[in-house]
Amino acid sequence: MLSALLPLAALLSPALGVIQPLNTTIYGPYGHVPAVYPSPNTTGLGWEAGLIKAKAFLAELNVTEKAWMVTGTPGPCIGNIVAIPRLGFSGLCLQDGPLAIRAVDYASVFPAGVSAAASFDRALIKERGVLMGEEFKAKGAHVALGPVAGPLGRSAYAGRNWEGFSPDPYLTGVAMEETIIGMQSNGLQACAKHWVAYEQETQRNPTFTESGLVLQESVSSNLDDRTMHELYMWPFANAVKAGVASVMCSYNRINGSYACENSKSQNGLLKEELGFQGYIMSDWGGTHSGLASIEGGLDMNMPGGVGEYGMYDQPLSYFGANITSAINNGSLDISRLDDMILRVMTPYFALGQDQDYPTVDPSSAVLNTFSPIDTYVDEWVLNGTSSRDVRADHHILIRKLGAAATVLLKNVDNALPLKAPKSIAVFGNDASEDTQGYYNQVDWEYGTIAVGGGSGTGRLTYLTTPLEAIKTKAKADGALVQQFLNNTLIATSNLTDLLIPTMPDVCLVFLKTYAEEGADRTSLDTDWNGNEVVASVAAYCNNTVVITHSSGINNLPFSSHENVTAILAAHYPGQESGNAIVDILYGDVNPSAKLPYTIANSVDDYNGLPITAVNSTDPYAWNAEFTEKLEIDYRYFDSKNMSVLYEFGFGLSYTTFSVADLTITSLANSTVTSTPPVEAVAPGGNPALWDYLYSVTVNLTNTGSVAGAEVPQLYLTFPDSAPSTPPKQLRGFEKVSLNATASETVEFKLMRRDLSYWDIVAQDWIIPTGAFGVSVGFSSRDIKLTGSMTVV
Ligand SMILES: *[C@@H]1O[C@H](CO)[C@@H](O)[C@H](O)[C@H]1NC(C)=O
Ligand SMILES: *[C@@H]1O[C@H](CO)[C@@H](O)[C@H](O)[C@H]1NC(C)=O
Ligand SMILES: *[C@@H]1O[C@H](CO)[C@@H](O)[C@H](O)[C@H]1NC(C)=O
Ligand SMILES: *[C@@H]1O[C@H](CO)[C@@H](O)[C@H](O)[C@H]1NC(C)=O
Ligand SMILES: *[C@@H]1O[C@H](CO)[C@@H](O)[C@H](O)[C@H]1NC(C)=O
Ligand SMILES: *[C@@H]1O[C@H](CO)[C@@H](O)[C@H](O)[C@H]1NC(C)=O
Ligand SMILES: *[C@@H]1O[C@H](CO)[C@@H](O)[C@H](O)[C@H]1NC(C)=O
Ligand SMILES: *[C@@H]1O[C@H](CO)[C@@H](O)[C@H](O)[C@H]1NC(C)=O
Ligand SMILES: *[C@@H]1O[C@H](CO)[C@@H](O)[C@H](O)[C@H]1NC(C)=O
Ligand SMILES: *[C@@H]1O[C@H](CO)[C@@H](O)[C@H](O)[C@H]1NC(C)=O
Ligand SMILES: *[C@@H]1O[C@H](CO)[C@@H](O)[C@H](O)[C@H]1NC(C)=O
Ligand SMILES: *[C@@H]1O[C@H](CO)[C@@H](O)[C@H](O)[C@H]1NC(C)=O
């Protein structure tokens with residue numbers, strides 16, 4: 001549909017960006033992106049009253065104002081759409097990020113996405129969204145730039161995996177849905193990011209010469225259609241289904257074409273197939289053309305200027321005045337610009353943001369170093385109360401979720417929970433205070449890491465450290481607490497010489513792994529010689545408990561050491577870090593978290609490595625070929641039949657559970673067809689994909705002697721009639737709390753999408769013929785019950 005509907009001159013206009021022809025030799029087996037034009041109009045489905053108001057608003061705008069409505073400007077927030085006072089519109093304030101409102105003071109820092117995922121707890125994930133939503137709104141932000149489903153986690157090394165949830169699309173999809181429903185429940189707009197297949201940081205943006213010419217373009221994620229649907233798009237479908245107001249396009253190219261001008265991904269997949277009715281905004285500096293991006297589906301350019309760096313220093317924009325000229329010279333039809341504005345304003349009105357919305361907290365203007373105040377001060381009325389404390393009692397949920405997200409990986413002879421130890425030694429530079437201040441977490445040598453860095457971090461008002469919380473707790477037992485925080489000293493010392501008078505009852509070793517936007521990890525080891533620290537402590541102390549604060553996957557070479565009696569993966573728990581880990585260590589909270597990824601036996605076992613270098617000076621040389629297709633994380637290890645150290649879904653408890661009585665019941669009202677019934681597309685895609693077709697139940701029993709929570713998990717094995725599919729795929733989980741000896745029936749409902757694969761020929765979700773294997777257990781490899789069902 002490309003040429004018929006779009007003036008060729010417009011596509012090639014030098015001022016507005018050129019769509020590059022693709023070279024299939026360079027772009028590999030998936031070497032082209034089908035063009036999908038025009039960008040579909042919003043129908044406002046689900047937001048009907050908002051659309052009516054948006055149309056009335058649009059009717060009052062002149063062309064200059066229309067251009068402003070879709071072009072960011074400098075302002076007090078991370079992203080800003082300027083006010084139009086004559087229409088009573090006070091502008092839009094867009095703020096980072098996925099775990100906290102970042103560039104403000106007196107806000108909470110919540111557990112990161114990876115922690116939320118590790119909880120496997122829908123209710124807590126949603127509550128996190130609700131409370132974050134309250135804080136953004138109370139600070140006057142209209143749009144929160146989160147949650148994250150891209151990166152999904154193709155590579156263990158990707159620098160931003162912790163901002164998102166899990167490399168399993170089903171788990172991430174549930175987490176996206178719960179988070180968005182929570183965040184938007186009070187009138188905030190969420191932004192699902194980054195669309196799509198954004199799986200590494202290295203070369204995420206083009207490199208430039210000093211004079212600003214492109215040396216090499218961003219890395220291209222080259223992937224096939226089925227992988228796109230079943231992995232990378234999947235959680236975004238949940239986001240759209242949940243009514244997300246906005247989606248952010250990513251920095252990378254997709255099959256050769258920049259995400260923010262990729263008509264297939266934006267017009268085709270997101271707006272047409274998934275029925276997305278809101279707006280697509282660019283990632284900051286992710287726009288590389290004007291008209292080509294607009295026709296390709298981009299609705300809002302952020303932060304508004306050209307280029308990634310110094311973007312506020314100059315007024316140039318691919319949008320802005322370029323849109324006005326494009327309208328005036330006829331190369332852009334006004335109907336497309338009108339649709340962009342309707343997409344922006346419909347969720348605004350639908351969520352009631354025109355009614356008594358809080359003003360922007362002036363503190364954000366001061367803290368937003370990204371947008372210097374002297375570049376815009378006249379445009380913004382910042383007359384609200386400054387430094388409003390929006391934290392309320394959110395520390396309660398943060399502590400609860402921090403503990404609920406801490407995965408117990410090893411626990412020999414009931415080393416944990418601690419039984420009122422009288423002598424405790426605490427080791428590691430992750431145990432105590434940051435020596436250089438909280439603002440933005442950085443991998444300083446000293447200081448516990450509670451969240452990652454970059455735009456997805458949070459600005460801590462306080463941080464409960466592990467050492468501080470342990471001392472508080474141990475005081476009640478009259479215990480001796482000694483601390484050794486210098487990793488170099490610990491790693492290079494014979495601990496007998498370190499003045500420990502007698503063997504402590506327990507040695508707690510705190511290790512950290514930092515990660516941040518803009519860089520991929522270079523190692524899967526813990527930072528600051530963590531392995532050597534453990535080796536040194538465990539050579540001396542026969543009850544060594546290792547706790548990691550980490551962005552995700554770690555190499556754990558000490559896991560089988562006889563003196564390492566317990567290992568806890570505490571991820572990034574947020575501001576209540578110390579209290580949360582003490583709750584687990586002392587058994588006030590029974591661990592119930594599960595690994596949202598796989599820890600391999602060896603670092604050499606991982607696939608999907610980031611591209612770290614290219615040998616060519618070709619501008620299009622950076623290409624990540626997703627040749628593993630569906631086989632990421634456990635899907636890969638299972639299909640290659642490789643043993644792993646700790647598998648996806650694994651996590652121990654202080655009690656034990658059993659499951660029994662697998663039952664499978666059809667919920668269909670009539671014969672199920674392989675192809676979904678054709679229904680009008682609604683947000684989330686064909687509504688028939690979301691119909692529940694089967695119910696699977698099991699009887700879960702707490703067989704131990706203390707109360708606890710378990711996460712029974714359902715995995716499906718597709719019949720052989722489906723094209724090559726990973727051996728097992730998560731399609732259900734539920735976190736269930738049970739008192740000792742209690743039992744409960746747990747239900748998993750399977751929707752049509754869960755039972756289908758994406759057929760690239762039919763261009764539809766197809767339920768394969770033959771028997772599905774149904775497996776229920778306590779991890780992806782601890783299967784307790786199996787059954788089968790034939791759906792079509
Ligand atoms: C495509 O790229 C290859 C490798 O760089 C080059 O040899 C070939 O000439 C290119 N083809 C076209 C049509 O530009
Ligand atoms: C969008 O709506 C306008 C006005 O109703 C119409 O002129 C235009 O053709 C529509 N565009 C598409 C892609 O349907
Ligand atoms: C459009 O509106 C703005 C004020 O919102 C005004 O400055 C500008 O002159 C108007 N342009 C036209 C062409 O009326
Ligand atoms: C329009 O966009 C181009 C980049 O393609 C830029 O060089 C030019 O300065 C922009 N014009 C304005 C008025 O911002
Ligand atoms: C703040 O400024 C807005 C816009 O000018 C105005 O409507 C409002 O009354 C002002 N509020 C206060 C408290 O001054
Ligand atoms: C940490 O220990 C090493 C090795 O003993 C020493 O060189 C270094 O100065 C110590 N650092 C601090 C901050 O004490
Ligand atoms: C540490 O020092 C003690 C006493 O000096 C000695 O007995 C022990 O063998 C040393 N341990 C190691 C691991 O070198
Ligand atoms: C375990 O700790 C004991 C001290 O209790 C020590 O003698 C032993 O060598 C340690 N084991 C290893 C493998 O380091
Ligand atoms: C650890 O060492 C202590 C003191 O040497 C000893 O009493 C205790 O039994 C040992 N524990 C284990 C698990 O070996
Ligand atoms: C670059 O070329 C060198 C020498 O031919 C080769 O060893 C290396 O693997 C190449 N690297 C990449 C990223 O292709
Ligand atoms: C079956 O019918 C019920 C009641 O009308 C409806 O809620 C449900 O969605 C239907 N299920 C399917 C799979 O169509
Ligand atoms: C679940 O299993 C427990 C333990 O075997 C049993 O007591 C209970 O009756 C079962 N519940 C159901 C609903 O079958």
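Keep in mind that the numbers below use all heavy atoms, side chains included, and drop hydrogens, waters and symmetry copies. Along the sequence shown, residues are numbered consecutively beginning with 1. When a ligand or atom number is given, it counts from 1 through the structure's own listing order. These numbers were taken from a predicted model, which means no experiment stands behind them.
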Between D505 and K422 (salt bridge meaning N to carboxylate O under 4.0 Å), is one present in this structure?
no
Going by distance alone, is a donor N or O of one side chain under 3.5 Å from an acceptor N or O of the other, for Q277 and T42?
yes
List in chain and number order the residues that pass disulfide (SG to SG under 2.5 Å) with C191, two or more places apart in sequence or in another chain; answer none if no residue qualifies.
none
I'd like to check the ring-ring contact (aromatic ring centres under 6.0 Å, His included) partners of Y646; sequence neighbours left out, ordered by chain and number.
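Partners of Y646 under the ring-ring contact (aromatic ring centres under 6.0 Å, His included) test: F650.
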Out of all atoms in ligand 3, which are within 4.0 Å of some heavy atom of N62? Include the element for each.
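Those of ligand 3 that fall under 4.0 Å from N62 are 1 (C), 2 (O), 3 (C), 8 (C), 10 (C), 11 (N), 12 (C), 14 (O).
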Is there a side-chain hydrogen bond (donor to acceptor under 3.5 Å, both in side chains) between N554 and T526? Walk through the geometry before answering.
CA-CA 7 Å; N554 278 120; T526 49; 5.5 Å; no
Please tabulate, one line per pair, the protein N or O atoms found under 3.5 Å from any N or O atom of ligand 8, giving the distance to one decimal.
{"from": "ligand 8", "atom 1": "2 (O)", "to": "N563", "atom 2": "OD1", "distance (Å)": "3.4"}
{"from": "ligand 8", "atom 1": "2 (O)", "to": "N563", "atom 2": "ND2", "distance (Å)": "2.3"}
{"from": "ligand 8", "atom 1": "11 (N)", "to": "E562", "atom 2": "OE2", "distance (Å)": "2.7"}
{"from": "ligand 8", "atom 1": "11 (N)", "to": "N563", "atom 2": "ND2", "distance (Å)": "3.0"}

Not counting sequence neighbours, which residues clear side chain to side chain donor-acceptor pair (under 3.5 Å) with N563? List them please.
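Checked N563 against side chain to side chain donor-acceptor pair (under 3.5 Å); zero matches.
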